[in-house]
Amino acid sequence: MIIPVHSDQRDYGILLEKGALEKANEFFDLDRKVLIVTDTGVPEKYSQAVASQCKEPVIIRIEQGEKSKSIENFTFLLSTLLKNGFTRSDCVTAVGGGVVGDLSAFAASCYMRGIDFYNIPTTLLSQVDSSIGGKAAVDFEGVKNIVGAFKQPNGVLIDPDTLKTLNGRQKNAGLAEAIKMAVTSDAKLLELIENTESFDDDLPEIIYRALMIKKDVVEKDPTEQGLRKVLNFGHTAGHAIESAAGGALLHGECVALGMLPVCGENLRRRVKAVLEKYSLPCTITQTAAELMPFIMHDKKKSSSHITVVLSDEAGTFRFEKMTADEIKTLLEKTI
């Protein structure tokens with residue numbers, strides 16, 4: 001299945017198919033020099049499968065984890081591109097999760113003012129969320145995603161078979177992003193996640209429905225001027241929790257926690273039950289006062305307020321401009 005995505009930079013396709021990794025060269029132009037970026041948590045066979053289909057592959061393996069999404073690694077990628085003589089006709093391909101994808105896309109957006117970029121997400125979180133939409137960034141001075149650019153991929157390949165090597169915690173953390181989109185935009189998807197009797201069998205449908213939500217949003221608002229802010233549901237508090245936790249929690253686990261303060265009371269109980277079903281955390285351990293410094297550095301902040309996404313009923317959302325004091329009060333009601 002190829003899902004077409006339209007953007008102001010370029011149109012591209014998302015190939016969603018089991019076993020697609022082994023035929024990446026049929027979907028991507030790999031008959032050139034290709035920088036393949038992966039990390040130590042990704043099975044080496046995935047990057048090797050891509051490399052075997054490239055004319056001239058160069059593989060970089062960074063350390064697994066959010067700490068690798070750094071200015072230092074961004075510089076390392078640029079240095080590798082330069083030292084290996086990459087030109088504007090060559091490309092970067094990410095094979096891994098959101099950290100690898102964000103870092104690689106940002107490097108591709110800057111090298112020679114932009115070269116082609118392909119994304120092969122191998123985690124559930126990156127498949128349903130960060131693989132589409134063109135956001136590229138690194139963390140800086142403890143603030144998540146504060147330095148970056150919009151870089152639309154030339155193509156995305158999603159092979160559900162790569163999820164077989166994920167551990168349960170990683171898979172559940174990825175599911176949190178699908179739950180996020182279901183809560184605001186697809187009540188039936190939330191029901192599927194709540195009631196599925198065979199999660200693995202229903203995964204392709206969950207991935208597809210989540211992708212269709214994000215596709216619709218990013219096509220209408222590619223640079224987050226309005227509607228696209230809905231994708232930040234759970235992220236205002238979630239990013240703060242992630243920064244405060246210092247790597248103890250996965251991104252999806254932080255998003256799961258971040259959803260709770262911004263749900264209506266009845267919906268919060270329902271979301272909490274879903275999180276418990278998939279062994280996701282349900283209790284924010286930091287105080288509101290501890291989270292507020294991180295929230296006030298959030299890139300969504302505009303002058304005196306932050307636009308917060310709220311949901312009172314599954315499949316619906318609303319935006320509300322809130323001051324720091326209002327956000328702190330909102331957190332204190334949940335924590």
Side-chain angles (χ1 to χ4, degrees), residues 4-15 21 24-39 42 46-63 66-122 126 130-141 143-158 218-219 222-224 299:
V5 181
H6 305 289
S7 76
D8 54 345
Q9 286 185 359
R10 69 174 59 83
D11 293 345
Y12 59 95
I14 303 172
L15 176 62
L21 190 67
N25 63 337
E26 297 178 18
F27 190 57
F28 298 158
D29 176 12
L30 302 178
D31 189 24
R32 48 181 164 169
K33 197 172 290 184
V34 182
L35 179 67
I36 300 169
V37 186
T38 187
D39 71 39
V42 179
Y46 295 161
S47 56
Q48 290 296 336
V50 177
S52 68
Q53 301 172 67
C54 299
K55 180 180 180 180
E56 194 173 342
V58 176
I59 299 177
I60 284 180
R61 288 174 68 85
I62 61 173
E63 287 298 315
E66 183 71 21
K67 290 183 179 179
S68 285
K69 202 163 71 171
S70 63
I71 290 290
E72 291 75 20
N73 273 332
F74 169 68
T75 303
F76 174 51
L77 263 63
L78 294 178
S79 177
T80 303
L81 289 164
L82 187 61
K83 288 178 181 178
N84 284 274
F86 277 71
T87 69
R88 284 183 174 172
S89 61
D90 298 318
C91 69
V92 176
T93 299
V95 181
V99 169
V100 167
D102 278 9
L103 180 67
S104 304
F106 189 30
S109 75
C110 294
Y111 186 71
M112 292 190 169
R113 296 191 178 92
I115 63 175
D116 288 353
F117 168 66
Y118 297 118
N119 200 357
I120 304 178
T122 60
S126 59
S130 60
S131 64
I132 177 175
K135 281 188 175 181
V138 295
D139 305 339
F140 184 64
E141 295 190 356
V143 182
K144 188 174 170 65
N145 295 335
I146 199 67
V147 178
F150 285 96
K151 172 65 174 176
Q152 299 293 343
N154 293 75
V156 178
L157 185 155
I158 296 178
V218 301
E219 285 183 341
T223 58
E224 199 172 302
K299 63 184 183 299

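All heavy atoms count here, side chains included; hydrogens, waters and symmetry mates do not.
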Pairwise distance OG(Ser104) to NZ(Lys151) - rounded to 0.5 angstrom: 12.0 Å

Should Ile60 and Phe76 count as side-chain neighbours, where that means a heavy-atom distance under 4.5 Å? yes

Checking Ser109 against Phe117 for the side-chain contact (heavy atoms from CB on, under 4.5 Å) test, could you report, in this order, the C-alpha distance in whole Å, the side-chain angles of both residues, the deciding distance, and whether it holds? CA-CA 8 Å; Ser109 75; Phe117 168 66; over 6 Å; no

Less than 6.0 angstrom separating the ring centers of Phe106 and Phe74, yes or no? yes

Counting N and O atoms only, with roles assigned by atom type, does the side chain of Glu56 sit under 3.5 Å from a partner on the main chain of Val34, one being a donor and the other an acceptor? no

Spell out, as yes or no, whether a donor-acceptor pair under 3.5 Å connects the side chain of Gln152 to the backbone of Tyr12. no

Specify the closest pair of heavy atoms between Lys33 and Gly85, including all atoms of both residues, with the distance to one decimal. NZ-O, 3.5 Å

Please examine the side chains of Ile59 and Gln48, heavy atoms only from C-beta on, and report whether any two atoms are closer than 4.5 Å. yes

Quick check: do Leu157 and Asn119 have side-chain heavy atoms less than 4.5 Å from each other? no

Measure the shortest side-chain to side-chain distance between Val100 and Val42 over non-hydrogen atoms and say whether it is less than 4.5 angstrom. no

Backbone N/O of Val95 and side chain of Thr122: donor-acceptor pair under 3.5 Å: no

Dump the intermediate steps for side-chain contact (heavy atoms from CB on, under 4.5 Å) on Val138 and Asp102, then the final yes or no. CA-CA 7 Å; Val138 295; Asp102 278 9; over 6 Å; no

Could you measure the distance from the CD1 atom of Ile146 to the CD1 atom of Ile71? Nearest 0.5 Å is fine. 11.0 Å

For Leu81 and Tyr111, work out which heavy atoms get closest and say how close. O-OH, 3.5 Å

Please examine the side chains of Pro121 and Val156, heavy atoms only from C-beta on, and report whether any two atoms are closer than 4.5 Å. yes

Got a donor-acceptor contact below 3.5 angstrom from the Asn145 side chain to the Asp139 backbone? no

Is Gln53 reaching over with its side chain to a backbone N or O of Leu21, donor-acceptor style, under 3.5 angstrom? yes

Give a yes or no on whether the backbone of Tyr118 and the side-chain of Asp116 come within a donor-acceptor separation of less than 3.5 Å. no

Side-chain heavy-atom pair Ser89, Arg32 within 4.5 angstrom cut-off: no

Give, for atom CG of Leu82 and atom CG of Leu77, the distance between the pair rounded to the nearest 0.5 Å. 12.5 Å

Hey, does Ile14 have a side-chain heavy atom less than 4.5 Å from the side chain of Val5? yes

Would you say that Val92 contacts Ile115 through its side chain, given a criterion of any heavy-atom pair below 4.5 Å between the two side chains? yes

Donor-acceptor under 3.5 Å (Ser131 side chain, Ser126 main chain): yes

side-chain contact (heavy atoms from CB on, under 4.5 Å) assessment of Tyr46 paired with Ile36: CA-CA 10 Å; Tyr46 295 161; Ile36 300 169; over 6 Å; no

Shortest non-hydrogen pair, Arg88 vs Met112, comes out as NE-O, 3.2 Å

Which atom pair, heavy atoms only, marks the closest approach of Gly98 to Ser130? CA-OG, 3.6 Å

Sub-3.5 Å donor-acceptor pair from the side chain of Glu63 to the main-chain atoms of Ser68, do we have one? no

Euclidean distance, Ser52 OG relative to Asn25 CG, rounded to 0.5 Å: 8.0 Å

